[in-house]
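Working notes for the structure below.
Proteins come first, then strands; the chains are lettered A, B, ... in the order of their sequence lines, and each starts at number 1. Only this structure's heavy atoms are used, side chains among them; waters, hydrogens and symmetry mates stay out. It should be emphasised that the depicted structure is a prediction, and the values quoted were computed from it without experimental measurement.
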Protein chains: 2
Amino acid sequence: MALIVQKYGGTSVGDLDRIKNVAKRIALTREQGHQVAVVVSAMGDSTDHLVELALAAGGDMRNRETDALLATGEQVSAALLALALGRLGVPAISLTGPQAGIMTDGIFGRAKITDIDSSRVKTELNNGKVVIVTGFQGMTESGDITTLGRGGSDTSAVALAVDLKADSCEIYTDVDGVYTADPRVVNEARKIHVIGYDEMLELASQGAKVLHLRSVELAKRYGLTMHVRSSLSFVEGTLVKEVGSMEGGNVVTGIAHNRSLARITVTGFEGGTKGFAELFRRLSAEQVNVDMIVQGATRDGMDIVSFTVNEDDVSKSLEVCESIGQVSASQDVAKVSIVGAGMISRPGVAAEMFSVLSEALIEILMTTTSDISISCLVPHKDVEEAVRLLHKEFGLEG
Amino acid sequence: MALIVQKYGGTSVGDLDRIKNVAKRIALTREQGHQVAVVVSAMGDSTDHLVELALAAGGDMRNRETDALLATGEQVSAALLALALGRLGVPAISLTGPQAGIMTDGIFGRAKITDIDSSRVKTELNNGKVVIVTGFQGMTESGDITTLGRGGSDTSAVALAVDLKADSCEIYTDVDGVYTADPRVVNEARKIHVIGYDEMLELASQGAKVLHLRSVELAKRYGLTMHVRSSLSFVEGTLVKEVGSMEGGNVVTGIAHNRSLARITVTGFEGGTKGFAELFRRLSAEQVNVDMIVQGATRDGMDIVSFTVNEDDVSKSLEVCESIGQVSASQDVAKVSIVGAGMISRPGVAAEMFSVLSEALIEILMTTTSDISISCLVPHKDVEEAVRLLHKEFGLEG
């Protein structure tokens, strides 16, 4: 008998029929003799609908009341799933984040899990029940309801699996694993059977949306294996786990791309190191996450700096920068990244990437690198071609 | 400075505009220097929608998971109201039933409040906040979410007002008070300015829907005055309170009617007292509430019994009765009741009621009486006329 944590995302519980389908899948796992704890997201786009309501009522995304409102989404899907399991004759109980003992800090809208008291979950599992825990939410020490931010249910599932010392943590989603590139862009994209934490983190942070970044960080910290798979089939998905690097790993494991960003350029100011520091300090104070940065000086000795931000942060960034110099912003850009743990031991990967893009006459606007990734900002119109060319160049069709 | 508990029903918070309107009203009360604790129902028909979902998922109305699901309705309206107050610059906090310390027994779907630990509510009030508590729900000792049954928010408000020793408990609804009869039926119906607990209980149990029966019982037990009024105007409503009976009170204070019932007749069984007892014991075991009962014997010595039940309980009642004798059911009936604390000291009220109905050729199918009410079952088509005639007969136009 194993203890399995299964997480079902919003698409997997998008309507009552899908919830009944998920119930059948859980019943099957249980028939195989396993204990099952389940983490669910809110149904389909119900969180979007609740966010709209909160904003219309005068709230924002950093608000105790917005969190209390959003948390109802998972309560609904969890209770419905428990009812559907009951109908199948499977004893089940739904627990809210607070009831499941998921404790967080008090940062509303993007709270971090600080501790789990899973005694109730364990009791119910030992009573022979399937325990369904609402993802995405927790409770502060003073009893307030918090949410973990978009995609937070993945993190709930990993945290619960770690605390329960689960044998397996299955993340069910609407794709059947992590691919070498977005299959909607690259027909030849191939499912990755096993991927290391660091590569998965890099893919996720560079735009692959299949897993919440923080869930992978948490799994890495505790050495928990995640199994990303589809709720609509029974094929094996992708295992995210510690991968031995004796052989250096793949040079390139996957290609990520991100179209949801903008490039901002500030010119006409005398800054020097101090000026740059002040600029980015002020952006950071406004909670703006800056990604790529290129800085330099123009011929007339003025400083110039370009950086990319998430498209949601453009207006806030412009506000900050307009007090400093002349600003321009463009959303006509996108980022393509190659990710592979093996590139650290093989020089020339960057050169190979650049030459593929330049041969295709794709302009490279900015570049950043890490130990296991290289990213290029390219014109928005060229990003899909860039992904396809790089996928081919680095032999990912398999 | 007074401490005022205000309860807003589903129609009063039916959409975001109405919620904003309620927020303004609360802000006004606060500007007058009062502390305000608010109890809210779910928005409009959202509870109906959640009930449908629960049933479609395989649940029933006596289920832990159904309660967990239904409780989200009030969480939504409470959080939105808190956001709307925040937008008006009024500090506010929403608390779920569990957060507000509303403890109940474990009877899902119709839990009873056993205790309130209002320490958090008091703390937040003393911090200068408007405290918004979700009505209709509480928590068992083991931390499970329960609901109090239809109309339960009234009871939540009274319980909270009692526990907080509030100066006033205002029940806001879509009518501006308790009327001598349903104004949709009787044009001349008059608002009752003050009504005693017992009369209010009798009106509520005989079909007047303005207040939840249990809330009046609770208010009576603790001597709390309830003020039933409209959320859309500022006119005084109806005070429900202890009324001195030195003068015997009104002979008739109001007329209630109820169209949501059915008459069931069982014949062809030999029962005697024992048989009747067995029949009603089995109905009670099925949670069927029997209202009026008439029993007798037919010419051939067989027993016959007729009784009324709520229309929702017809099929369950038929199941029980079919194993006992021949059964017929009719929903072509309705009940009209006259209620008044003074009728106890004035004989002939029943006779007056019967003669009014018989002069109008309205058939009286059954009758029941209590100290302060007389009810007649009449044909469904005649009930409105009966209400109008009795309203006139007993001088209620004022």
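Note on B:Leu16, B:Leu81, B:Leu83, B:Thr72: by heavy-atom pairs under 4.5 Å with chain A, the leading option is B:Leu83. For chain B, the option among A:Asp67, A:Val76, A:Leu50 with the highest count of heavy-atom pairs below 4.5 Å is A:Val76. Counting heavy-atom pairs under 4.5 Å between each of B:Ala56, B:Ala84, B:Ala23 and chain A puts B:Ala56 at the top. By number of non-hydrogen pairs under 4.5 angstrom with chain A, the leading residue of B:Asp60, B:Ile145, B:Leu70 is B:Ile145.
Other residues, nucleotides and ligands contribute only 12 or fewer heavy atoms inside 6.0 Å of the CD atom of A:Glu141. By the neighbour-count criterion of 12 heavy atoms within 6.0 Å, atom NZ of B:Lys24 is sparsely surrounded, having that number or fewer from other residues, nucleotides or ligands. Counting heavy atoms of neighbouring residues, nucleotides and ligands inside a 6.0 Å radius, atom CG of B:Asn289 does not exceed 12 of them.
Contacts between A:Ala92 and chain B at a heavy-atom distance below 4.5 Å involve the backbone alone (N, CA, C, O). Neither the backbone nor the side chain of A:Leu88 comes within contact range of chain B; no heavy atoms are under 4.5 Å apart. Both the backbone and the side chain of A:Asp144 have a heavy atom closer than 4.5 Å to some heavy atom of chain B. In this structure, no portion of A:Leu85 lies under 4.5 Å from any heavy atom of chain B. In this structure, chain B has no heavy atom under 4.5 Å from any part of A:Ile19. Only the side chain of A:Thr96 comes within contact range of chain B, with at least one heavy atom under 4.5 Å from a heavy atom of that chain.
Nearest heavy atoms, A:Leu80 versus B:Ala57: CD2-CB, 3.7 Å.
Using a 4.5 Å cut-off on side-chain heavy atoms (C-beta onward), A:Glu65 and B:Ile93 make contact.
Listed for the A:Arg64 side chain is a donor-acceptor partner under 3.5 Å among the backbone atoms of B:Ser94.
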